[in-house]
Amino acid sequence: MTTIIDGRQLAKDLNAQTQQRVAKLAERGITPGLAVIIVGDDPASALYVRNKHRKAVKLGIKSVVRKLPATVSQADLMGVVTEYNQDSTINGILVQSPLPRGLDEQAVVAAIDPKKDVDGFHPVNVGRLFNNLPGNYPVSCTPRGIMTMLASLHVHLRGKRAVIVGRSRIVGRPMAAMLLNADMTVTTAHVYTKHLSDITREADVLVVATGVAHLITVNDVKPGAIVIDVGMDRDDEGNLTGDVDFDGVFDRAGAITPVPGGVGPMTIATLMQQTVDICEWSEQRGNQ
C-alpha cells in the first residue's frame with residue numbers, strides 16, 4: 001500500500017517543536033529574529049514573503065520585512081544586507097529571489113554573514129555541506145525539509161540508490177550532497193539527460209525538481225520507490241500540479257508526496273526551524 005507523505009502534517013509538527021523552542025528562549029529574554037529583503041513587486045515573491053512573515057509571527061519569531069524598489073542600486077542593496085549583518089537582534093537574513101535585472105544576486109548572497117545565511121546559499125555554507133564538515137551551519141531549506149520527510153518514513157538510506165532530477169542550487173545540488181552524506185549512492189540528472197527513464201527506474205529514492213509538469217510518469221519509477229515531488233507547476237486548466245504524474249505513479253510508488261501539500265509546507269517550516277537553530281548556535285558561541 002502506497003504511503004502519502006503528508007507535508008502539511010509534518011510541517012505542523014515541526015512548527016509546534018519550533019514554537020516550543022522559541023518559548024524556551026523567551027524565558028531567557030531571547031527572541032530569534034528573521035529579516036527578509038524583497039526587491040521589486042513580483043506577485044509570487046510578495047506572496048512567499050507574506051507567508052514567511054505570518055508564520056514567523058505566529059511562532060513568536062521577530063520578523064522584519066524590508067521592501068526595496070526595483071530601481072534600488074546594487075550598492076544600496078548591499079548596504080541593507082550589511083545593516084542586518086550588524087544587527088544583533090537578527091539571526092537569519094534572506095534575500096527573496098529572483099532579483100530584478102541588473103542586480104547581482106550571487107554577490108548579494110555572498111555579502112550575507114554566513115552565520116546568518118538562513119537560506120543556506122552562501123558559498124561558505126555550501127562548501128561545508130558538500131564537504132560534510134562537522135559543526136553547526138545552515139543548509140538549503142527545501143532539501144533539509146525533504147530529509148525530515150524521509151526520516152519520518154523510518155527507512156534506512158545507507159547503501160541505497162538515490163536519483164535527483166534537477167540540478168538547481170536551491171534544490172538539486174544541495175539535495176545530492178545531503179543524500180550522499182547519508183551514505184546513499186547518488187545520481188544527479190536533469191531534463192537534458194539522455195535515457196532519463198533508465199536512470200530514474202533505478203532509484204530507491206527519486207527526487208524531482210525541474211519545473212516541468214508531469215515529467216515523471218509510471219514507467220519512470222521503480223516499484224516501491226520513495227518519490228519526492230518538488231515541482232510547483234500549472235496544468236492546462238491552471239491547477240497546481242507537480243513534476244510527477246501523481247495519479248499514474250501512485251500505485252507503483254512505495255511512498256509519494258502530493259502537490260500541493262507535500263514539500264512546500266516543509267520548506268517554510270524548515271526555514272523557521274533553521275532561524276531558531278541559528279539563534280541557539282549564536283547563544284552557544286556567546287557562552288563559550
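Note that these values count all heavy atoms, side chains included, but never hydrogens, waters or copies made by symmetry.
Counting only distance, with no hydrogens or angles, the side chain of R252 and the backbone of P223 share no donor-acceptor pair below 3.5 Å. Side chain of N125 to backbone of F121: no donor-acceptor contact under 3.5 angstrom is found. In this structure, the side chain of T148 engages the main chain of R144 through a donor-acceptor pair within 3.5 Å. Judged purely by atom type and a 3.5 angstrom limit, T275 has no side-chain atom pairing as donor or acceptor with the backbone of L34. Not one N or O on the side chain of S140 forms a donor-acceptor pair closer than 3.5 Å with the backbone of P143. At least one donor-acceptor pair under 3.5 Å links the side chain of D243 to the backbone N or O of G211. With D235 contributing its side chain and T241 its backbone, the two residues share no donor-acceptor pair below 3.5 Å. Without hydrogens or angle criteria, S168 side chain to V171 main chain gives a donor-acceptor distance under 3.5 Å. Not one N or O on the side chain of K62 forms a donor-acceptor pair closer than 3.5 Å with the backbone of N91. The backbone N or O of D229 lies less than 3.5 Å from a partner atom in the side chain of T257, making a donor-acceptor pair.
Of the charged side-chain nitrogens involved, none lies within less than 4.0 Å of a carboxylate oxygen, so that K160 and E202 do not count as a salt-bridged pair. Note on D6 versus R8: no salt bridge recorded, every NZ/NE/NH1/NH2 to OD/OE distance being 4.0 Å or above. Ionic pairing of R201 and D220 is not present here: no N-O contact between side-chain nitrogen and carboxylate oxygen is shorter than 4.0 angstrom. K116 and D87 are not joined by a salt bridge, as no carboxylate oxygen comes within less than 4.0 angstrom of a charged side-chain nitrogen.
In this structure, SG on C279 lies 5.0 Å from CG on L25, to the nearest 0.5 angstrom. Atom CD1 of I37 and atom CD1 of I93 lie 6.5 Å apart (nearest 0.5 Å). For the atom pair D117 CG and I278 CD1, the distance stands at 7.0 Å (nearest 0.5 Å). Atom-to-atom distance recorded for T270:OG1 and M149:CE is 9.0 Å, nearest 0.5 angstrom. Between atom CD1 of residue I90 and atom CG of residue D113 there is a gap of 12.5 Å, rounded to the nearest 0.5 Å. Going from atom CG of L133 over to atom CG of N181 covers 9.5 Å, rounded to the nearest 0.5 Å.
Minimum interatomic distance between M78 and A107 (heavy atoms only, all atoms of both residues): CE-O, 3.6 Å. Closest approach of L240 and P260 over heavy atoms only: CD2-CB, 3.7 Å. Smallest separation of non-hydrogen atoms from A253 and V227: CB-CG2, 4.0 Å. Across T188 and G166, no two heavy atoms sit closer than the pair CG2-O, 3.8 Å. The shortest non-hydrogen separation linking S45 to S97 is OG-O, 3.6 Å. Contact detail for P265 and G262: the closest heavy-atom pair is CD-O, 3.3 Å.
Residues I216 and L206 are in side-chain contact: their nearest non-hydrogen atoms beyond the backbone lie under 4.5 Å apart. Proximity of F246 to V259: side-chain heavy atoms (C-beta onward) are nowhere separated by under 4.5 Å. Within the 4.5 Å cutoff, side-chain heavy atoms of R50 are placed close to those of L47. The shortest distance between side-chain heavy atoms of V36 and R66 does not fall below 4.5 Å. The shortest distance between side-chain heavy atoms of L157 and M147 falls below 4.5 Å. Contact annotation: the side chain of N15 never approaches that of Q19 to less than 4.5 Å [non-hydrogen atoms, C-beta and beyond]. A heavy-atom distance below 4.5 Å is not found between the side chains of V165 and V207. No side-chain heavy atom of D277 sits under 4.5 Å from any side-chain heavy atom of P138.
Residues I146 and L179 fall within the same hydrophobic cluster, defined by Ile, Leu, Val, Met, Phe, Trp and Tyr side chains chained together at heavy-atom separations under 4.5 Å. Both V244 and I199 belong to a common hydrophobic cluster when Ile, Leu, Val, Met, Phe, Trp and Tyr are linked at side-chain heavy-atom distances under 4.5 angstrom. Under the 4.5 Å side-chain heavy-atom criterion for ILVMFWY residues, a single connected hydrophobic cluster contains both M178 and Y137. V208 and V218 are assigned to two separate hydrophobic clusters, defined by single-linkage of ILVMFWY side chains at heavy-atom distances under 4.5 Å. Both I268 and V276 sit in one connected hydrophobic cluster of ILVMFWY residues. Membership requires side-chain heavy atoms under 4.5 Å apart, directly or through other members.
Atom CG of D13 has more than 12 neighbouring heavy atoms from other residues, nucleotides or ligands inside a 6.0 Å radius. Applying the 6.0 Å contact sphere to CG of N239 captures more than 12 heavy atoms from other residues, nucleotides or ligands. Within a 6.0 Å sphere centred on CZ of R234, heavy atoms belonging to other residues, nucleotides or ligands number more than 12. Shown here is F130, whose CZ atom has more than 12 heavy atoms of other residues, nucleotides or ligands within 6.0 Å.
Side chains of T217 and N219: a donor-acceptor N/O pair is absent below 3.5 angstrom, by distance only. Side-chain contact check for H190 and T210: no donor-acceptor pair (N or O, by modelled atom type) lies under 3.5 Å. Inspection of the Q96 and K52 side chains reveals an N or O donor paired with an N or O acceptor under 3.5 Å.
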Any chance you could lay out the side-chain contact (heavy atoms from CB on, under 4.5 Å) test for E280 and K24, step after step, and finish with the verdict? CA-CA 11 Å; E280 291 177 346; K24 287 184 178 180; over 6 Å; no

Going through the distances and angles, do I112 and Y84 end up as a side-chain contact (heavy atoms from CB on, under 4.5 Å)? CA-CA 9 Å; I112 296 172; Y84 289 127; over 6 Å; no

Going through the distances and angles, do R161 and T187 end up as a side-chain hydrogen bond (donor to acceptor under 3.5 Å, both in side chains)? CA-CA 8 Å; R161 184 73 181 270; T187 299; 2.9 Å; yes

Step by step, work out the side-chain contact (heavy atoms from CB on, under 4.5 Å) result for L215 and V191. CA-CA 9 Å; L215 175 69; V191 293; 4.2 Å; yes

In sequence, state the C-alpha distance, the side-chain angles, and the governing distance for I5 and V263, and then conclude on side-chain contact (heavy atoms from CB on, under 4.5 Å). CA-CA 9 Å; I5 307 172; V263 173; over 6 Å; no

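L103 pairs in a side-chain contact (heavy atoms from CB on, under 4.5 Å) with only one of the listed residues (V39, V95, L68), which is V39.
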